[in-house]
Every structure is written in C-alpha cells, then in structure tokens.
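In what follows, a structure is listed as structure tokens, so that the remarks can point back to it.
Remember, predicted model here, so these are calculated numbers, not experimental data. First the proteins, then the strands, lettered A, B, ... as listed; each starts at 1.
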Protein chains: 2
Amino acid sequence: MSPGLKRVESRSSLVAGAVLPLDTIIEGDCIAALQRLPAASVDLVFADPPYNLQLGGDLQRPDNSMVDAVDDDWDKFASLREYDDFTRAWLAAVKRVMKPDATLWVIGSYHNIFRVGASLQDLDFWILNDIVWRKSNPMPNFRGKRFTNAHETLIWASRDQRSRYTFNYEALKAGNEDVQMRSDWLIPLCTGSERLKDDEGRKAHPTQKPEALLGRILLAASKPGDVVLDPFFGSGTTGAVAKKLGRHFVGIERDQAYIAHARERIALAAPVDDAAMLAPAEKRSEPRIPFANVIERQLLQPGAILTDANGRHQARVRVDGSIMLGDIVGSIHKIGALAQGLPACNGWTYWHYDDGGKPVLIDELRAILRKELAAAG
Amino acid sequence: MSPGLKRVESRSSLVAGAVLPLDTIIEGDCIAALQRLPAASVDLVFADPPYNLQLGGDLQRPDNSMVDAVDDDWDKFASLREYDDFTRAWLAAVKRVMKPDATLWVIGSYHNIFRVGASLQDLDFWILNDIVWRKSNPMPNFRGKRFTNAHETLIWASRDQRSRYTFNYEALKAGNEDVQMRSDWLIPLCTGSERLKDDEGRKAHPTQKPEALLGRILLAASKPGDVVLDPFFGSGTTGAVAKKLGRHFVGIERDQAYIAHARERIALAAPVDDAAMLAPAEKRSEPRIPFANVIERQLLQPGAILTDANGRHQARVRVDGSIMLGDIVGSIHKIGALAQGLPACNGWTYWHYDDGGKPVLIDELRAILRKELAAAG
DNA sequence: GGGGCGCCTGAATCGGCAG
DNA sequence: TCTGCCGATTCAGGCGCCC
C-alpha cells in the first residue's frame, strides 16, 4: 500500500475497500467524491459551503469605486428549495464519512446559516455550540441602511446526540487567560501577505478564511494525527493549518485554479509548535465605549445636564446617546468641538455630569464600563 | 371610542372593524389573539418565542447545587416538526398585522434560531441583519464540555423585500463614538434590581430580557409614537421600554402571573417626558438645487469652463444646465463620471469654476442658492 | 531609515423620488 | 409598476511611496 494512504474497514462503505487519501486534494464534485470515501473514517469536518448571497445590482463605495463582490457561478442557486436540496445532500454525504465521535463545523452568514442549521437538525446532527466570528475589520455598510455586518456564524455539531467528541477544554482555557473560551471569537479578516494572490495580483479566492480561525477550530476539537475533512477546500486554509498543527487533511475541490493555489500553499506550510500564532487576539489599546452605553446602563438618565469645566456650556443627554446644545444634536465629541469652536474634541474629557452638586468628568463613567468589559474578556 | 384605542380600516382584517388596543396586555393564546387584531397596523414587532430547549435531565453546578433551568410547560415541544408548525403559525399571524414597512425582531439561541430563521425566509420576510447579543456575564459551562454559551442571536427582518423600513442610522452613529453600529452588541444579562422577583424572592420570569437590549432595538428601528407589538410578552420588558421611550405597545401573554408582574412594572416605568430627548437625530436633508438654476441666476455664464481638481478635464457650461466634454453633452454628474471612468459621480463636488484665477468648487454656488432659499422660507 | 500620509480592500441580500 | 436621474454614503488595517 502506498504511503499516505489508509485502508479503512467498513461494511457500510459505498465502495468496498475504499481508501482515504490522506493529505491530498480530491478534484471533483463534492458529493460524488464524498460517496467514494470510506464510511466512518474522519475525525473532524470543516465546511465552508456557498452562502447563496442573492446579491442584486452593483454596490458602490462612497468614492464611487466598485465593491468586488462574490459573483461566482458556484454561489448561484435558483431558489431556496434548490439550496436546501444541495445542503441536505452534502450534509448527508459528510455524515456517512464521519466517525461516530466526529464533529462538524460549518460557517455561514445570515443568508444561508439558518437553512444549514435547520437541515443539520433534521439530519440528527447534534448542535454543540453556535460560534460567532467577530471581525475586527469588516467592510462598512456604505449606504447607512443597516448595521455593519461584522460577523459570521459557525455551527459546531457532533454526528449524533451520543457522540463522545473531542473538546480540548483545558488547553483552550490555559491559552485564554485561564478563563473558559466563549462562543464569540474576535479574529481579523484574512488580508495582507496571508491573502493568496494570482499572477495578476488579484485575490486568488473570493472568500479565503483566516488561518487563525481554522487554527482555533483544530486546536479546540481535534487531536494531533486526526483526519480533518474539508469538502469545500477552496484556497486550502484547512489543509495549510492542518499541516502546521500536525493533523492530516482530506480536501475536495472542483476548481482547478483553486487546487493549484492550495497545493503550492500547503507545500510551503511548515509545521510549527509556536502556539503564539493561535493565541487569542490581544487587546492593543483600551476598548472603545460608546456613550450610548452610559445611558443604556442607566449611569446617566436622558435629560441629564452635561457642562464643561467652567460651566459655560450646558448640553442635555438624549435617549440615544447623542447630546443637545441649544437645538443642535450630535455626539459628545461633535458637540464638544462645536462648543469650543474647535475642529475636534474628546467629549469624554470635556463634559461633566453633576454628582451630588460636584461636577465629575463623564470619563469616570467610561472607566466603570471598561472595568466591566475587561471582566467579560 | 375609548381613549387608548385606535380604529384601523382594513379590508383584509379577519375581524371587520378590529381595534388595536394600545398600551395594554391581551390575555390569551398568541395566535388566536393576533388573528383578532387589525391587519397592517403595527410598526415594529419584538418576539421572544419559546426556545425549544430540549434539556435532558437536570444540570448540576460543580458544587452540586441545582441550576434553575427553563422547564416550563410552554417550552415543551414534541418534535422539531411540531416546533416548526408553531413557528410558521405565529410568524404568519404576525406578518398579517405588520404594516408594509414594518420590521420584525426575533431572539433565540442555537436550539431554535435556525428553525425560526428558515421559516422567516420561507414566509418571504426579508432578513436585514442577524445581530449577536454578546453577554458580558454569561453562565459558565459547568461541565467543561463546550464553549461558554455567551451570546444569543436576534434576526431583524422587514415584512418583505420592498419594505422601506425605519433605521435611525444617524442617531445610532452619534451615540456610538461616531462610527456605524455593528452587528455584535455587548450587553449584560438582566440581573440585580432590574430583575423582577416574585413574593418569595424567586425570579418572576425565567428569561427576562434586559431593558438595554430592547432600548437599542426600539431606538434603532422605530420612531416616537410607533406601535410595538410583542406576541410573547412575558415579564413585559418590551412594554416598559416602549413606555419610557414614547412608543406604544401591544402585548400578548397567556400566563396570568406574568401579566400581573408586567402590569405593575409598566405602571412604575417613567416616560422620558422631554420630546427633544426622544426625536431621532437626523441629518437634515438639504433641498435639491438643479444646476440649471446656477446659470439662470447668472452665477455662471453659458460657455464658462469647468475643470476637475487637477485641471486635467475641461467642460463647458451650456445654457440649459448641461455641460459638454469634447462633443459629449450631459449632466454635471454624468460627465463627471465619464471623465473619471467611474460608474457614478457627484458633479457638485467634482467640477470647479474659475474665480479670478483660482479654481472653486461649484458646490459653493449651490450653497449660495440654498442660503437664499432658506432665507425665503 | 523611519514616520506619515494616502491608497486599496474586505462573503453585501445597501435609495428614493419624480414623472 | 417601471425608468431615469439626482446625489448620499465608510472602518480598520496593510502596504507602499515620499519626505
């Protein structure tokens, strides 16, 4: 038997004597390729399926340049029904290949994740957590019509309710300031030198995932030597991280250009013991506290009076965290600048509230909230 | 007609002449009660439906004390199918009652939110955002078998794809350090004095939501005077916050004990009485000035030369307010876009005229006309 | 060489009104 | 209901150029 191959005995395999091709990329359709793999043979699955974005026309930035949106054919589905059929088909094919104690990770956005999650449950996967990937640097909402879409959702599920799955609780806790790892992860987008480029300097894959994300997943839910399957291999982040962390991978991908990029990338990946790369992103500076939080948390009441140090200017606090000077409404910073006739102002260190007759800087209130925030991680 | 009631004319109402009972709690089954309300009559819906938690057995803390888990009868569903049927029924009933431009908020956890989201999409609601409520003080995972479940998910959706919904973008930004509000919100659990207790000091409702959460929702997606419907009213957080923020509420709840707690609580809630503190901060939209007015008022002469900032492009002003670049004629916007090879352009902030040898933006001329317009009333 | 400034970009269901 | 047109709208971070 060739090195790198692994024979798995399984009566339920669709292909007698099917072989798991370790640390390779299978070219072809995801579902067909899955059906040729041996049953109950992989320890972990990471899947980044098409999101079915259903984008309309073009989106322009405020400077009138164009957003390079995902418009690839592989993200086109005729209807929700068709997307559901596709989802159930690949989930069922994946489930067959999973060992009884294996777990599955799927990533998505609000466009598709509810359909994926519901299908998972219908197929008797058992959801363990939903995880929120909070992006430190998301694309803004240019039109000001919605909240900045600043996160994606991962579902972590075991093959069934009785699975005794791998969860490296102590390792995660040790790497997380000795507190339990939470379900919300702050990780930057994949940009800069990590982002694969083609010969002409354009991004090689439209939705390349950051290695830090895959790193945390593999460290949390697999052991060294485990086999990690990625049925939508794309630019090969799963393979590169698996190699670095001493796990085996099996990738499936139908686009030859993506495969070529992934092969090159994985060949360059060096197994490292340096856990620093995967340590949770550290706080660079003090977290930003919106003034609205002060009102939400009732540290100040709507209508409260803010004054400057000399008591020359008086502004009133509104319910939404803006303040009002005369009949002009704006943020504590904007109104502070206006009051002083300056181009800018830090409202936190300019405005005071009345604390039993004594003027106190609102920065004191920010300090209270920051203290709580630090406790929350 | 009694004060506090509002008659809404609607041919599609199931009950002719149905009346919306403002600022009251309707006792009874959610779906039946919804069907008695007038169609297209509410501006915003907040729904906190049963979570279908499926907890097997009891959960013990490390010190062997018992966790007071949600095990109420209203959270028992025999199967996913039954939960889906229930979900679709209340969503459809809610949709009928929503105005065309109304939006819906639903909160849930991984146990139920995927089913709710998929059902929403099936019923042609249009998802605007999914929002993550990050809890600063979540309950730890006592068994160390999963990630700390530190968030819940909200879905924000409009009645349909074409809805022109309310989103107080400027107000949210002013209260958020002058940056866009993101889709991940850090808000503490409802604890301490805000948490309602019964006569014996036990929590009055198992899943009471924090007022800060409802506050942000109402400030983001409703206007003062709007009608907010909560079909699973529970301890009445929606009603208390609506009253404080000058919105009307309609609650539906079948548990008499919850209703009693909610009534008492809402009676004690003090509205923000100063309307100025409530009106959403908006950017005043400036009146539209046609470029032709600039020529009509002889601020520029026909034949005058317009240039871009670098002087690379030169266009000539025509009598009708169009301009000419080479032999191409069009609006200041179209020609500006053409000159730059961009899909669009705001001509007012691109073209300059010659003011005694110095290039000046034509936006200055618009400002003059706007000033006159304002003076004229 | 270093600091500062400007450019580029990221899974996006991104307008409203008049005619 | 559809078309055309005006004109409003962005945050964090990496990288490269320039002084």
Side-chain angles (χ1 to χ4, degrees), chain A residues 48-72 74-75 77 80 83 107-113 133 135-153 186 188-195 197 201-203 205-210 232 234 281 284-285 288, chain B residues 101 121 125-130 156-158 160-165 167 169-170 173 176-183 283-292 321-322 330-334 336-337 343-350 363 366:
Chain A
D48 182 10
Y51 285 13
N52 189 25
L53 287 183
Q54 302 177 287
L55 301 179
D58 291 327
L59 178 65
Q60 289 171 25
R61 300 172 189 275
D63 64 2
N64 292 319
S65 65
M66 211 72 96
V67 171
D68 183 14
V70 173
D71 59 354
D72 303 71
W74 48 253
D75 199 42
F77 294 86
L80 287 179
Y83 186 78
I107 186 166
S109 67
Y110 66 85
H111 308 84
N112 71 323
I113 199 66
W133 168 27
K135 303 176 184 181
S136 55
N137 49 349
M139 180 155 60
N141 185 287
F142 297 119
R143 300 279 181 174
K145 294 294 171 184
R146 304 182 177 192
F147 299 93
T148 305
N149 196 2
H151 74 276
E152 292 186 29
T153 301
L186 182 67
L189 291 168
C190 178
T191 59
S193 61
E194 188 186 319
R195 187 92 198 212
K197 302 288 198 306
R202 293 170 307 199
K203 54 191 177 191
H205 190 279
T207 67
Q208 185 180 341
K209 296 293 173 288
F232 305 96
R284 251 144 273 183
S285 56
R288 186 192 302 239
Chain B
D101 295 338
Q121 292 178 306
F125 283 89
W126 192 245
I127 298 180
L128 300 169
N129 279 113
D130 58 334
W156 182 38
S158 55
D160 53 64
Q161 188 173 356
R162 293 167 321 192
S163 300
R164 289 175 5 200
Y165 51 89
F167 180 56
Y169 175 77
E170 293 293 343
K173 189 172 170 180
N176 189 42
E177 297 284 284
D178 286 323
V179 293
Q180 296 183 336
M181 184 75 77
R182 296 168 41 116
S183 56
K283 195 165 267 188
R284 256 166 258 181
S285 63
E286 299 273 20
R288 174 179 304 204
I289 306 285
F291 182 64
S322 60
S331 69
I332 52 172
H333 312 292
K334 283 278 165 62
C345 163
N346 182 346
W348 291 107
T349 57
Y350 177 72
D363 208 26
R366 180 166 67 164

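The side-chain hydrogen bond (donor to acceptor under 3.5 Å, both in side chains) test applied to Glu177(B) returns His333(A), Trp348(A), not counting sequence neighbours. Partners of Phe167(B) under the ring-ring contact (aromatic ring centres under 6.0 Å, His included) rule, at least two apart in sequence or in another chain, are Phe147(A), Trp156(B). Remark: Asp48(A) pairs with Lys209(A) by the salt bridge (charged side-chain N to carboxylate O under 4.0 Å, His left out) rule, at least two apart or across chains. Scored by the side chain to side chain contact (heavy atoms under 4.5 Å, CB included) test, Glu170(B) finds Lys283(B) as partners (sequence neighbours excluded). Applying the side-chain hydrogen bond (donor to acceptor under 3.5 Å, both in side chains) rule to Trp126(B) yields no partners; only residues at least two apart in sequence or on another chain are considered. Asn176(B) pairs by the side chain to side chain contact (heavy atoms under 4.5 Å, CB included) definition with Pro290(A), Val179(B), Met181(B), not counting sequence neighbours. With sequence neighbours excluded, no residue satisfies ring-ring contact (aromatic ring centres under 6.0 Å, His included) with His111(A).
If you find the closest nucleotide of DNA chain C to Thr191(A) and to Ile127(B), the one lying nearer the 5' end belongs to Thr191(A). Mapping Lys203(A) and Tyr165(B) onto DNA chain C by nearest heavy atom places Lys203(A) at the nucleotide closer to the 5' end.
Atoms CG (Asp71(A)) and P (dG10(C)) sit 13 Å apart, rounded to a whole Å. Rounded to whole angstrom, the span from the NZ atom of Lys209(A) across to the C1' atom of dG10(C) amounts to 11 Å. Rounded to whole Å, the distance from CG on Leu59(A) to P on dG10(C) is 13 Å. Across the protein-nucleic acid pair, Lys135(A) atom NZ and dT9(C) atom C1' stand 13 Å apart, rounded to whole Å. Rounding to whole angstrom units, CG of residue Asn149(A) and C1' of dG10(C) are separated by 12 Å. Rounded to a whole Å, the CZ atom of Arg146(A) is 8 Å from the C1' atom of dA12(C). One atom, CG of Leu189(A), and another, C1' of dA11(C), lie 10 Å apart when rounded to the nearest Å. Between Gln54(A) atom CD and dC14(C) atom C1' there is a gap of 15 Å when expressed in whole angstrom units.
Among the heavy atoms of the strands lying under 4.0 Å from Gly57(A) is at least one base atom, whether or not backbone atoms are also near. Residue contacts shown for Pro49(A) include a base, since a base heavy atom lies under 4.0 Å away. Thr207(A) comes within 4.0 angstrom of a nucleotide base, judged by non-hydrogen atoms across all strands. Base contact: Trp74(A) has a heavy atom under 4.0 Å from a base atom.
One P atom belongs to dA8(D), the other to dT9(C), and the distance between them is 26 Å to the nearest Å. Comparing the P positions of dC7(C) and dA11(C) gives a spacing of 23 Å, expressed to the nearest Å. Of the C1' atoms belonging to dC14(C) and dG10(C), the separation is 15 Å, rounded to the nearest Å. If you take atom C1' in dA12(C) and the same atom in dT9(D), they sit 14 Å apart, rounded to whole Å.
Taking the side chain as every heavy atom from C-beta outward, Pro206(A) and Asp72(A) approach each other to under 4.5 Å.
Ion pairing between Lys203(A) and Asp68(A) holds under the 4.0 Å rule for side-chain N and carboxylate O.
Which of dA12(C), dG13(D), dC14(C) sits closest to the side chain of Ser136(A) comes down to dG13(D). Closest to the side chain of Val67(A), from the set dG10(C), dA12(C), dC14(C), is dA12(C).
With a cut-off of 3.5 Å on both pairing distances, the Watson-Crick and G-U wobble pairs of DNA chain C assemble into stems of 3 or more at C:2-10 with D:11-19, C:15-19 with D:2-6.
Between the side chain of Asp48(A) and the base of dA11(C), at least one donor-acceptor pair of N or O atoms lies under 3.5 Å.
In terms of modelled atom types and a separation under 3.5 Å, the side chain of Asp101(B) and the main chain of Tyr165(B) share no donor-acceptor contact.
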Kindly indicate, with the supporting measurements, whether the criterion side chain to side chain donor-acceptor pair (under 3.5 Å) is fulfilled by Gln54(A) and Tyr83(A). CA-CA 11 Å; Gln54(A) 302 177 287; Tyr83(A) 186 78; over 6 Å; no
Going 5' to 3' through nucleotides 4-11 of chain D, assign each nucleotide B (protein heavy atom under 4.0 Å from a base atom), S (under 4.0 Å only from sugar-phosphate atoms) or - (no protein heavy atom that close). -SSBBBBB
